[in-house]
Asker: 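Take a look at the following structure, please.
Proteins come first, then strands; the chains are lettered A, B, ... in the order of their sequence lines, and each starts at number 1. The structure displayed is predicted, hence computed values, not measured ones.
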Amino acid sequence: MQYWLMKSEPSVFGIDHLAKCVNQTEPWDGVRNYQSRNMMRDEMKPGDQVFFYHSNCDVPGIVGQMEVKSQGYPDFTAFDPGHRYFDPKSDLDKPRWFLVDVKLKRKFKRTIPLSLLREQAVLKDMKLLQRGNRLSITPVTKGEWAFILTLAS
DNA sequence: GCCAACGTTGGC
DNA sequence: GCCAACGTTGGC
């Protein structure tokens, strides 16, 4: 079992959106970056644990926990010309983009702010915190996961 | 294959 | 809104 962090802009799809989805489960669509795609297509497995991160907002940070509920499969939004995530270069025969289903497990009482994460010496190697990191999906180590949970209570 | 130009991300 | 950092595109 592996640990991950997935970013989303709360004005587009935040943790409260996921909470209202049927069975609190939803396909994580719209990722259009090859490294992140590869992680969803090749590495993420059902049962993997995920931090939900809010980016591009007043207080960027980790807002809850999710669980991966599917293998990677093609991102169907790329096939729909009317969809905002449409990509004419992806087709059914050779899909370019992939996603996984995620289920909300827990919304934290308070956001764990990015600024607080940056203050933690033990998190200095965390992928999220590396200079220039823009990946919307990053792996989290078991130690990082456990430590961050202690910040969530 | 190089690399300039351009687009996007995302914190501040 | 600014801008640093990075990814992608496409001419050559």
Asker: Nearest whole Å is fine: how far is B:dT9 P from A:L128 CG?
Answerer: 16 Å
Asker: Under 4.0 Å between any heavy atoms, over every strand shown, what does A:R131 touch: base, sugar-phosphate, or nothing? Just pick one.
Answerer: sugar-phosphate
Asker: In plain terms, say whether A:K103 and A:E67 are close enough for a salt bridge, that is, a side-chain N and a carboxylate O under 4.0 Å apart.
Answerer: no
Asker: Between A:F51 and A:W145, does the ring centre distance come in under 6.0 Å?
Answerer: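 They qualify: ring centres under 6.0 Å apart.
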Asker: Are more than 12 heavy atoms from other residues, nucleotides or ligands located less than 6.0 Å from atom NZ of A:K142?
Answerer: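 12 or below, so no.
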Asker: Starting at atom CG of A:L114, determine the distance to atom C1' of B:dG10, rounded to an integer number of angstrom.
Answerer: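 After rounding, the gap between these two atoms is 10 Å.
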Asker: Heavy atoms under 4.0 Å, any strand shown: does A:E9 hit a base, just sugar-phosphate, or nothing?
Answerer: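 No contact at all - A:E9 keeps every heavy atom at 4.0 Å or more from the nucleic acid.
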Asker: Round to the nearest Å and state the distance from A:Q35 atom CD to B:dT9 atom P.
Answerer: 14 Å
Asker: Are A:K7 and B:dT9 close enough that a side-chain N or O sits under 4.0 Å from OP1 or OP2?
Answerer: no
Asker: Starting from the 5' end of DNA chain C, give me the residue, A:N133 or A:N56, whose nearest nucleotide shows up first.
Answerer: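 The residue mapped nearer the 5' terminus is A:N56.
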Asker: Is it the case that more than 12 heavy atoms not belonging to A:R106 sit under 6.0 Å from its CZ atom?
Answerer: yes
Asker: Whole-Å distance between C:dG10 C1' and A:K89 NZ?
Answerer: 10 Å
Asker: If you restrict it to nitrogen or oxygen atoms, what contacts under 3.5 Å exist between nucleotides 3-8 of chain B and the protein, and what is each distance?
Answerer:
residue, atom, partner, partner atom, Å
B:dT8, O2, A:R134, NH1, 2.3

Asker: Centres of the A:W97 and A:Y34 rings: under 6.0 Å?
Answerer: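 A:W97 vs A:Y34: aromatic centres under 6.0 Å.
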Asker: Parallel, tilted or perpendicular: which fits the ring planes of A:F13 and A:F52, with parallel below 30° and perpendicular above 60°?
Answerer: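 Aromatic pair A:F13/A:F52 classed parallel.
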Asker: I want to check one thing: is the phosphate of B:dT9, taken as OP1 and OP2, less than 4.0 Å away from some side-chain N or O of A:Y53?
Answerer: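 Checking B:dT9 against A:Y53, no side-chain N or O comes under 4.0 Å of OP1 or OP2.
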Asker: Would the number of heavy atoms belonging to other residues, nucleotides or ligands and lying under 6.0 Å from CG of A:N23 be above 12?
Answerer: yes
Asker: For A:G132 and A:R96, find the nucleotide of DNA chain C closest to each by heavy atoms; which residue's nucleotide sits nearer the 5' end?
Answerer: A:G132
Asker: What's the CZ-C1' distance between A:R118 and B:dC12, to the nearest Å?
Answerer: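 Value for this atom pair: 11 Å.
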Asker: How close or far is atom P of B:dG10 from atom CE of A:M6, stated in whole angstroms?
Answerer: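 The answer, rounded to whole Å, is 13 Å.
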